[in-house]
Amino acid sequence: MGRPFPYSNFKLVDGHNRLIHKLRISLLDSCNMNCLYCMPAEKEFMAKKSWVSAEELCEISSKLVVYGIDEIRLTGGEPLLRPDFRAIVKRLDQLPLSKFGLTTNGIHLERELDFLKDTSLRYLNISLDSLNKENFEKITQTNTFSRVYHSIVKAHSMGFKVKVNAVLLRGMNDTEDELSKFVEFTQKTGIEVRFLELMRIGVANNYFEKYFISAGEVIDRLKLKNRLEEKEMPKDSTSFNFYLPKGGEIGFIASESRPFCGHCSRLRLGADGALRPCLFMDHGVSLRGLKGEDFLKTLKQTIKLKPHDRIKAVNQAMHQIGG
Ligand code: SAM
Ligand code: SF4
């Protein structure tokens, strides 16, 4: 038997009595898609030399686990573009996590599935903004629909816990035909589909008035054709979900119209090692090189900055913060 994990008695409870136990790690800020609402035309990516190494990243994560982090999700940018992705997963796999996940655009997912199935990383959120090939390719500005779609189906067939994330944009992918396709997809495959409201982050601030559609409006439209049965969700869930009568499940992440900040239990670690208390805060505090009391002091200070209410908007790009 290995040594027991050296948990601390100090737990990450913030000033609003929220127990912080989830960590999002952005592995890098670059990407192989150009989603209209995420990637600005003028892109600026972090120099590779600024990335936290696999070793340091896992050292920081391990210290955070000591203080109660028990769920980790890898994101970016596109996390599968990180050359040492497997080394990072292998190291994090050693930590006592209750949930280990990945958010990806799916382009390179298929090649990683055999590797991932031998790790504890089971939770895959895959972005697929449209089931209409042309529309998907218009939104992502790539010709990768078939690749992404197949990776979703394959991951599900291999037993991964897959969720599809779709950001709905008014006039782009919110038509009756698009919504029906998503409903049919979840009914047919049993894969949960989550509709994300466009958030006022980075480049999306420029298109917000044009493209935003609320979860409430989408639900009203769906209810015209489908019976939706509300599902009970954990208090700190970012989504609220409905079962469909013929099987399948749809969820809504309504950060704009129904923010969940009051119950937020997350911290975010940037590719440069900066810890952020909130998605909507465009600065973080670096944890690099911090040891012992200094690490804990910085952690406590960062948690104090965690807001209770939704900050209206942030200018920094989503691919830089880590979605
Ligand atoms: N590249 C990966 C992907 O697309 O899944 C991971 C990073 S991406 C920033 C994470 C999620 O954030 C994706 O589901 C994406 O659609 C979503 N996203 C990006 N910008 C957004 C915005 N302004 N509002 C809502 N969701 C956004
Ligand atoms: Fe890349 Fe994900 Fe942003 Fe799309 S949403 S540009 S896939 S980081």
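Start at 1 and go down the list; that is how both ligands and their atoms are numbered. Excluded from the calculations below are hydrogen atoms, water molecules and symmetry mates; all remaining heavy atoms, backbone and side chain alike, are included.
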Please identify which atoms of ligand 2 are closer than 4.0 Å to at least one heavy atom of Cys31. 1 (Fe), 6 (S), 7 (S), 8 (S)

Cation over ring face, Arg258 and Phe252, 6.0 Å, 45°: no

Only heavy atoms of Asn105, strictly under 4.0 Å: list the atoms of ligand 1 that pass. 2 (C), 3 (C), 5 (O)

Numbered atoms and elements of ligand 1 in range of Glu197, under 4.0 angstrom, heavy atoms: 24 (N), 25 (C)

State the atoms of ligand 2, each with its element, that fall below the 4.0 Å cut-off from a heavy-atom position in Asn105. 7 (S)

As an exercise, identify every atom of ligand 1 less than 4.0 angstrom from a heavy atom of Ala204. 23 (N)

Looking at Met33, Met318, Gln320, the heavy atom closest to atom 9 (C) of ligand 1 belongs to Met318

I want to know if ligand 1 touches Thr104 in the polar sense, i.e. an N/O pair below 3.5 angstrom. yes

The closest protein heavy-atom partner of atom 1 (N) of ligand 1 is Gly77 O, 3.0 Å

In terms of atom number and element, which parts of ligand 1 are under 4.0 angstrom from non-hydrogen atoms of Thr75? 6 (C), 7 (C)

With a 4.0 Å cut-off, would you call Lys291 and Glu59 a salt bridge? yes

Distance to 0.1 Å, residue and atom name: give those for the protein heavy atom nearest to atom 16 (O) of ligand 1. Tyr37 OH, 2.9 Å

